[in-house]
Amino acid sequence: MNPPKERIANRQLFYFLFMMRTIIVMGTLPVLTAADALQDAWISSILSFFTAAILVVMIGALSIRFPDLTVVQYSQKLLGAWGGRIFSLLFILNYLHIASTDVRVYAEAIITGFLPNTPLIFIISVMVVVAGLAAHAGVEVIGRAADLLFPFFVLMIVLALIFPLPGGRFLLANLEPIMSRGVAPVLRGALVPTLIIAQYLSLLMLTPTTTQPVKALKTALYALAASSLVLTLVAGSVIVMLGPDRGSRSTFPFFAMVRTLQISECVERVEILTVFSWGFGLFIGCLPAGGHLGPVSGSRAQYLSPADRAHHGDLCGARYAVLSGHVANSDLLQPSGYSTHPDLCYRRSHGNPVAGLPVSTFAGEGIG
Amino acid sequence: MSVRGPREGFVESVITNISLIRRRIRVPHLWVENHEIGKLTRTTVSIVYIKGLATERVLGELRERIDRIKIDGILESGQLEDFIEDTPYTLFPLLLRTERPDVVCGSLLEGRVAVLINGTPHALILPAELTMFLQAPDDYYEKVPIGSFIRILRWASALLAIMLPAFYVAVTNFHPELIPVDLALRISGTREGAPFPLIVEVLGLGLLFEILREAGLRLPAAIGPAISIVGGLVVGEAAIRAGLVSPAVVIVVALTAIAGFGIPVFSAAIAFRLLQFTYTLLGAAFGLLGVQFALLLTVVHLCSLRSFGVPYLTPLAPFIVRDIKDHMIRNWWWGLDTRPKLIGYREPKRQPPGQMPSPGPGEKSGEGGEEK
């Protein structure tokens, strides 16, 4: 009894785009780690909103002119059948690339933090399998899953930001001196988060499935604003808590920060919960990881036979082909060994009594 | 059973059951459509709904699905359920089964449809969402804070029933750093010299509990408690004394079992309890990553389910603000002024708003009170 065309609400599009950007900028915190903005990273975050917004307008403006068509369809209208097809192939490859990067980052975070002996390919495939199943179920299902998981994701961010407050473990002096080295480092810091906005290219595929396609651009800008706010807050709190130097040397500064939290006597080391709810966000935001495959295989259908898109069964094959491509791609992206950043060997904890015990008791065999 | 509420229940005769409903909804809009199913049994299957309130789309689909059935006999609503649910490939019940006329009437008033089958006291209500399986009639009859508290408890116990053993296994095996040191030492102390791996203990005891429950279920009420005493107390105590299982695991499994009974509808409770085993296995194999994997699979699965076209997780996903007032917590009856958006949209207004009671203007007029 499925409705003829799958629709997502603009609210759900907002969740997609918000989570998609937030997980990746929050995970790797490029304002801090990719350049030398150091204590001014939060200014870079604010700046990156404006630069990224320009790109989002460029991405979205055309697609809201063709509210019923995906990029694959309207590029064929604008550039002719073959020109459009070749052009949209670029987008499809881009989705694949972003998806693999996202899962790779997630898997690295898990491995460096918690499961150092688990094969990378396994963690990646877990995420890709779930995301692939979701993509197979359709964009509506992903929209509903986003509705369900969004509160947890936001709760995670909020908790991670407010728990440090009562402890007073932050040093506002870390933020100074502001802009001491001029504007150039700040601009460089804003560069990578601006480029990551390529994720929002999925707007091109998602716009026609929203209930109000004309408002999709507005939704995207709201999502960008919200995620920029989160990025600014996270960057700011990482600097304040860890200091710009240690923050910029971490691979995953946000988790390094959460790791230092001790909520009370008996609740400590909450970072794993953070990482897993980050995983929820990744799963949704990573419509790259699987969700994009929905649009991707949808677009394959449009690609091959624009008139006849009813044969859904064939598409599953295409989806799983793309999936396996994912795994391969993400594995090739980085050579292994990237994960042994000294700052992230979580078991070498500061002043934690567990760390004093022999590692074999706790790490290898477990106590169970 | 309910603490407060009518004690009446459906019986096997469909005519009596319809009269039980008619006694509660006394308008001519209450329509009953009789269908006859079963080549040999000629069972009467009655579709009951309020004309003008139930959506024609659901009704049309239901009629079509019922007319499609070709079978020699229908003896119970479960058989019919198998034929008319949206997808068979799920653990979760997609239609609500009930024996209570007040539940059926409440659902009819929301715009749902009931199916009564001659020969069984179990009526079917559709479309059904997951929320309905975690609600009991008491919530509506008790005072609001109490009803809401109980509902939240039920959601919590549903989560516990699914995840507690998996979480325990995953955390003790893979992430001991999550546990405070004293507790970790205590747990590892009780595991001293335990003969079986943790996962065997957890799964074994979990299965044992299911056997115990099933064994107790079929016995006459006089002997039933004996099983739980022998099985639960004697065997459990002896197993711990003998050092076969560790006390912590017994606690975890027992808590999970109790949490499973916190879910009021049997068909949903058993679905949750079965999921628990999958979660435990994944948690034992891959730690919290496995639990997360299972959780995401469950979320995707639940989100893809529909009951007669209505998404199974409404109003959480898709999120419908208006319907949240009767979900995990419920509003006062004077505040429940709209029907569920996706089900009662033909007559969205239930009652005029602004019926909040107040002591009236009285002497000190101007303070509070809605009266004008």
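Below, chains carry the letters A, B, ... as their sequence lines are ordered, and counting in each starts from 1. Everything numeric in this text was worked out from a predicted model, so none of it was measured.
A distance of 5.0 Å separates CD of A:E140 from CZ of B:R306, quoted to the nearest 0.5 Å. Between the CD1 atom of A:I142 and the OG atom of B:S304 there is a distance of 11.0 Å, given to the nearest 0.5 Å. Summarising the geometry, atom CZ belonging to B:F319 is positioned 11.5 Å from atom CD belonging to A:Q12; distances are rounded to the nearest 0.5 Å.
Crowding of B:F277 atom CZ: a count of heavy atoms from other residues, nucleotides or ligands under 6.0 Å exceeding 12. No more than 12 heavy-atom neighbours from other residues, nucleotides or ligands sit within 6.0 angstrom of NZ on B:K341. Dense packing is recorded around CZ of B:R322, with more than 12 heavy atoms of other residues, nucleotides or ligands lying under 6.0 Å away.
Residue contact with chain B, scored on non-hydrogen atoms closer than 4.5 Å, is absent for A:I8. The contact between B:L313 and chain A is made entirely by side chain atoms (from C-beta outward), counting heavy-atom distances below 4.5 Å. Residue B:Y168 does not touch chain A at all, counting heavy-atom pairs closer than 4.5 Å. Only the side chain of B:L295 comes within contact range of chain A, with heavy atoms under 4.5 Å apart.
In terms of heavy-atom pairs under 4.5 angstrom with chain B, the leader among A:V141, A:I110, A:L148 is A:V141. Looking only at heavy-atom pairs under 4.5 Å with chain A, the residue among B:L302, B:V291, B:L289, B:T314 that has the most is B:L289.
Two rings, from A:F122 and B:F286, have their centers less than 6.0 Å apart.
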Taking it one step at a time, do B:L297 and A:L133 satisfy side chain to side chain contact (heavy atoms under 4.5 Å, CB included)? CA-CA 8 Å; B:L297 281 183; A:L133 286 174; 3.4 Å; yes

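In this structure, A:D147 and B:P318 approach most closely via the heavy-atom pair OD2-CA, 3.2 Å.
Contact check for B:L296 versus A:M127: side-chain heavy atoms found under the 4.5 Å cut-off.
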